[in-house]
Amino acid sequence: MAFKSTLFLSLILCVVSSDALNDSPVIGVLSQSTPSKKYGDAYIAASYVKFVESAGARVVPLLIDQPDSYYEKMFASLNGVLFPGGGMDDPIHSPYGKAGKIFYDLAIKSYDQRGDYFPVWGTCLGMELLVRITANEDVLASTDASEVSWPLQLTKGFKDSRLFHAAEQSVLNILSNENVTYNSHNLGLTPTNFSKSSALKSFYRVLSTNVDKNGKVFISTIEAMYYPIYGVQFHPEKNPYEWESKSINHSYDAVKVTQFFADFFVSEARKSYHSFSPGTLDKYLIYNYCPVFTDSYFEQGYFFNVSSTLREKLTY
Ligand SMILES: *[C@@H]1O[C@H](CO)[C@@H](O)[C@H](O)[C@H]1NC(C)=O
Ligand SMILES: *[C@@H]1O[C@H](CO)[C@@H](O)[C@H](O)[C@H]1NC(C)=O
Ligand SMILES: *[C@@H]1O[C@H](CO)[C@@H](O)[C@H](O)[C@H]1NC(C)=O
Ligand SMILES: *[C@@H]1O[C@H](CO)[C@@H](O)[C@H](O)[C@H]1NC(C)=O
């Protein structure tokens, strides 16, 4: 019932104020299983939360292994979703992938049916998940791109994209000349595999490529042509917030680039008018959880015991 009225309200807001931006966007960040259960059975690296917050949005952690009704309610309440990077080889069958696909499908369906704008952003594993969902087959190839920062090789038409058309020249110069995009992946989408897939070709625009340590080209930035869906194979969130690898660039320019991507994603979320029903947002916000200083690959992480704590805490 609450779900229906929220949708209805969003619809009205959409029609009434199509020009006024939503200046209190709330973005869902998807969690994933922890490799070790030391701190909990699911986690979100805090850098993704800070990335979103740095551009003026609040964060709601999205739990894995929840009933569909939870994800549907979150979709109707949030203004965008971020699929973070992580260590899985095949995200598609994971709880993370299952939850991600629900958001992806709902984002497309509600845009098709009502012009309802809901941005989806995938970083590294998150971009791999996007590509796997769209292609509906295993299109990823092995790439050797661990712990290295590179400039982007922007494609010919990149200026016509939503992502880059309004980028300041200074940001584009940094992006295309300096080692500011941190890579940490052993899978990637090659231009050849992209071209072979009609599902991918008809859905995404390729905005940049990179060459891995063995000379293999992979696609590093994509945006969907008709939907606010974006993927980056590199990690914009790490430059200001992660310190474990020496190859992460912390320069002024590198941090500026991070801010560019965060600002863009959140500006997309400002075009979404979904909202939580009155009085319910607080209990979902990330502020209910304390990040842990793990002193590992991620400096800080949010941890969840998905099976116990959360089912009690959240009612949906
Ligand atoms: C999850 O459960 C384990 C084992 O009971 C506990 O040590 C850990 O602190 C819990 N984590 C959270 C985030 O509640
Ligand atoms: C993608 O490329 C790799 C090697 O570059 C190949 O092994 C794999 O089969 C390709 N997948 C598809 C679906 O084309
Ligand atoms: C960061 O970028 C600057 C400017 O291009 C470069 O001099 C420096 O080597 C880079 N640092 C890393 C860790 O890649
Ligand atoms: C970027 O890093 C490469 C090595 O990976 C190095 O050859 C190149 O000079 C660096 N570029 C800049 C601008 O620092």
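Just so you know, ligand 1 is whichever comes first in the structure, and atom 1 is the first atom listed for that ligand. Here the structure is a predicted model, which is why all the values come from computation and not from measurement. When reading the values below, keep in mind they use all heavy atoms of this one structure, side chains included, and skip hydrogens, waters and symmetry mates.
Inclusion of K216 in the set of residues having an N or O under 3.5 Å from an N or O of ligand 2 is not warranted. The N/O atoms of N305, backbone and side chain alike, include one that comes under 3.5 Å of an N/O atom in ligand 1.
Evaluation of the ring pair (Phe, Tyr, Trp, His ring centres under 6.0 Å) rule for Y39 yields F303 as partners, not counting sequence neighbours. Evaluation of the side chain to side chain donor-acceptor pair (under 3.5 Å) rule for N173 yields Q169 as partners, not counting sequence neighbours.
Residue-ligand proximity, F303 to ligand 1, at heavy-atom distances under 4.0 Å covers atoms 13 (C). Remark: ligand 2 atoms within the under-4.0 Å shell around heavy atoms of K196 are 14 (O). Below 4.0 Å from some heavy atom of A141 lie the following atoms of ligand 2, by number and element: 2 (O), 3 (C), 4 (C), 5 (O). Residue Y39 has at least one heavy-atom neighbour below 4.0 Å for each of these atoms of ligand 1: 8 (C), 10 (C), 11 (N), 12 (C), 13 (C). Less than 4.0 angstrom separates some heavy atom of E137 from each of these atoms of ligand 2: 13 (C).
For the pair D138 and ligand 2, a heavy-atom separation below 4.0 Å is found.
Shown here is K213, whose NZ atom has more than 12 heavy atoms of other residues, nucleotides or ligands within 6.0 Å. Atom NZ of K101 has 12 or fewer heavy atoms from other residues, nucleotides or ligands within 6.0 Å.
Expressed to the nearest 0.5 Å, how far CG of L200 lies from CG of N193 amounts to 9.0 Å.
Counting all heavy atoms, side chain and backbone alike, A20 lies closest to Y273 at O-OH, 2.5 Å.
Sorted by first and then second residue, the side-chain hydrogen bond (donor to acceptor under 3.5 Å, both in side chains) pairs with a member in residues 219-233 read D112-Y227, E128-Q233, R162-Y230, R205-E223, S208-S220, S208-T221, N210-S220, Y230-E268; sequence neighbours excluded.
Centroid-to-centroid, the aromatic rings of F51 and Y241 stay 6.0 Å apart or farther.
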>> For a ring pair (Phe, Tyr, Trp, His ring centres under 6.0 Å) check, start with the C-alpha distance between F298 and Y43, then their side-chain angles and the critical distance, and finish with the verdict.
In response: CA-CA 11 Å; F298 300 112; Y43 80 99; 5.8 Å; yes

> Please walk me through it: do L163 and F261 pass side chain to side chain contact (heavy atoms under 4.5 Å, CB included)?
Replying inline: CA-CA 8 Å; L163 177 53; F261 287 110; 4.2 Å; yes

Short N or O separations between ligand 3 and the protein, below 3.5 Å:
{"unit_1": "ligand 3", "atom_1": "2 (O)", "unit_2": "N249", "atom_2": "ND2", "d": "2.3"}
{"unit_1": "ligand 3", "atom_1": "5 (O)", "unit_2": "E178", "atom_2": "OE1", "d": "3.3"}
{"unit_1": "ligand 3", "atom_1": "11 (N)", "unit_2": "N249", "atom_2": "ND2", "d": "3.0"}

